[in-house]
Amino acid sequence: MESSLAETDPQIEGIIGREEQRQAIVLEMIPSENYASRAVIQAVGSVLTNKYAEGYPGARYYQGNEIVDEAENLARDRAVELFHFDHANVQPHSGTQANMAVYLSLLQPGETVLGMQLDAGGHLTHGHKVNASGKLYNFVSYGVDRETEMIDYDGMLTLAKEHRPKLIVVGATAYPRQINFERAREIADEVEAVLMADMAHISGLIAGGAHPSPAGHAQVVTTSTHKTLRGPRGGMVLSDSKYARRVDRGVFPGSQGGPMMHVIAGKAVMLKEAASPRFQQYARQTVKNAGVLAETLEESGLRLVSGGTETHLVLVDVTPLGVLGKVAATTLESAGIVTNYNTIPFDVQPPTIGSGVRMGTPALTTRGMRDQEMRTIGHLIVRALQSHDDEGELTRIRGEVRELCEAFPAPGLLQQ
Ligand code: DSN
């Protein structure tokens with residue numbers, strides 16, 4: 001009989017077990033993380049990992065793909081139906097790969113793109129100078145208004161008229177407000193640019209009807225699949241039919257080789273789950289939970305960037321409590337609350353310290369937590385930050401966090 005993982009590699013088996021245990025007993029509040037269902041994890045852990053399938057269904061460079069073709073077709077069809085686009089490419093290995101494939105499809109090196117500034121909440125692949133996007137293309141950054149800390153669409157229009165970009169990218173990783181896709185498309189049309197929406201953070205909210213959709217506005221949309229969507233780690237591109245062939249060529253052979261068929265099967269499962277009425281409730285509760293959490297934190301003296309949230313995410317300026325971002329995030333982790341430190345708009349601190357903490361409710365909501373738990377968690381966060389040098393109190397909070405987690409077991413985990 002073939003050896004089990006425990007027999008073959010007890011070290012890795014132990015690491016997986018300990019990580020599973022960690023995920024069970026902490027409050028997972030990194031807004032880009034979630035718990036995939038056992039069904040998704042089963043698909044990803046399947047023998048589909050063995051298959052090479054370069055190409056697309058019906059047009060592969062390897063034999064023996066009739067069966068995995070069915071999985072990819074299911075994933076593509078479900079993505080098209082869920083997000084109301086003409087075409088879906090489900091092969092990108094990540095959101096970053098999806099973004100790079102679109103740039104490769106639509107741009108020549110050196111061409112101009114408008115993207116959101118990293119310290120205003122944008123993503124590395126939206127033209128940061130250390131990333132290939134910023135090295136290969138001429139990215140010009142728009143940001144947020146200094147007063148409202150919300151996207152400055154007038155400023156975007158001014159920059160668009162001045163720089164005449166080929167592509168405008170909207171979407172963010174640390175922005176708590178809704179994205180106005182309609183307004184962004186008007187700006188793109190005004191300068192004859194294509195509009196790309198990177199909906200990675202909010203795709204689950206869009207699928208569940210809890211955030212306006214980019215359909216009908218953006219011509220090309222990218223997303224990762226493991227955030228609010230609760231799928232396996234990966235990416236996806238949706239587009240109007242006009243861009244379908246170019247996008248497909250940008251993914252393969254442009255920027256990737258063989259697709260990960262096991263992950264594509266996991267994406268198909270996730271897309272089926274995300275089309276259910278239960279998922280709609282989940283998406284709405286995720287946003288509601290973020291609102292309750294934000295309110296609780298604000299009442300306790302923390303400052304909310306942009307004054308609130310309309311999504312799954314809360315960006316908190318922690319300096320009113322006398323701490324900086326990195327200390328705050330480390331303190332929260334000691335208390336069993338996992339977040340990440342972040343810069344805030346116009347931050348005077350470098351990204352390695354930050355004045356803020358980014359937190360979100362997707363994973364908590366997946367556990368079934370609601371308004372009352374959000375208030376409890378908000379109070380635990382403030383208590384922890386106020387006790388950042390009191391180990392005894394942080395240990396007590398960690399115990400309360402564990403009790404809360406035990407009352408709301410996370411799906412997908414075997415050890416609870
Ligand atoms: N790194 C992701 C996030 O945490 O927002 C974005 O890709």
Side-chain angles (χ1 to χ4, degrees), residues 23 26-36 92-103 115-134 139 141 143-144 151 169-179 196-206 211 214 221-238 255-256 263 267 270 286-287 290 305-306 309-316 325-326 328-330 332-333 337-345 347 351-352 354 356-366:
Q23 291 185 16
V26 297
L27 290 170
E28 183 47 73
M29 295 185 69
I30 292 171
S32 48
E33 291 189 10
N34 215 327
Y35 297 99
H93 301 326
S94 68
T96 289
Q97 293 284 112
N99 287 351
M100 295 312 293
V102 171
Y103 301 153
M116 188 149 161
Q117 226 165 284
L118 190 70
D119 64 6
H123 189 245
L124 269 180
T125 56
H126 298 179
H128 196 279
K129 62 181 188 310
V130 299
N131 183 260
S133 57
F139 266 84
S141 300
V144 294
I151 293 177
V169 180
V170 288
T173 59
Y175 183 66
R177 296 289 172 166
Q178 290 186 349
I179 307 275
M196 167 181 145
D198 176 347
M199 62 172 187
H201 262 259
I202 52 176
S203 46
L205 308 183
I206 292 166
H211 186 292
V221 171
T222 59
T223 185
S224 47
T225 48
H226 48 271
K227 297 186 172 100
T228 43
L229 269 177
R230 275 163 55 176
R233 196 154 287 276
M236 205 159 64
V237 184
L238 300 148
S255 53
Q256 288 188 178
V263 179
K267 290 174 190 171
M270 166 275 282
T286 299
V287 173
V305 168
S306 83
T309 177
E310 296 163 336
T311 64
H312 62 302
L313 182 152
V314 186
L315 187 57
V316 186
K326 189 166 185 178
T330 316
L332 291 174
E333 190 181 5
I337 302 169
V338 185
T339 60
N340 69 274
Y341 61 93
N342 221 96
T343 50
I344 58 174
D347 209 327
T352 45
V357 171
R358 188 183 72 148
M359 46 184 88
T361 52
L364 302 182
T365 312
T366 298

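When a residue number appears, it is its place in the shown sequence, counting from 1. Every number for a ligand or one of its atoms is a count from 1 in the order of the listing.
At a cut-off of 3.5 Å, with distance as the only test, a side-chain donor of Thr222 or Asn99 sits close to an acceptor on the other residue.
In this structure, the ring-ring contact (aromatic ring centres under 6.0 Å, His included) partners of Phe139, at least two apart in sequence or on a different chain, are Tyr103. For Ser224, the side-chain contact (heavy atoms from CB on, under 4.5 Å) partners two or more places apart in sequence, or in a different chain, are Ala200, His226, Lys227.
When only non-hydrogen protein atoms are considered, atom 7 (O) of ligand 1 lies nearest to His123 NE2, 3.0 Å.
Within the listing of ligand 1, atoms 5 (O), 6 (C) sit less than 4.0 angstrom from a heavy atom of Thr173. The distance from ligand 1 to the heavy atoms of Ser32 drops below 4.0 Å at these ligand atoms: 3 (C), 4 (O), 5 (O). For ligand 1 and Lys227, the ligand atoms under 4.0 Å from any heavy atom of the residue are 2 (C), 6 (C), 7 (O). Those atoms of ligand 1 that come under 4.0 Å of a heavy atom in His201, given as number and element, are 3 (C), 5 (O).
Of the protein's heavy atoms, at least one falls inside 4.0 Å of atom 4 (O) of ligand 1.
A heavy-atom distance below 4.5 Å is not found between the side chains of His211 and Ser203. Leu124 has its side chain within reach of Val130: a pair of non-hydrogen atoms, C-beta onward, lies under 4.5 Å apart.
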**Request:** List the steps, then state whether side chain to side chain contact (heavy atoms under 4.5 Å, CB included) holds for Val144 with Met116.
**Result:** CA-CA 9 Å; Val144 294; Met116 188 149 161; 4.1 Å; yes
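Of the heavy atoms in Arg358, only side-chain atoms (C-beta onward) come closer than 4.0 Å to ligand 1.
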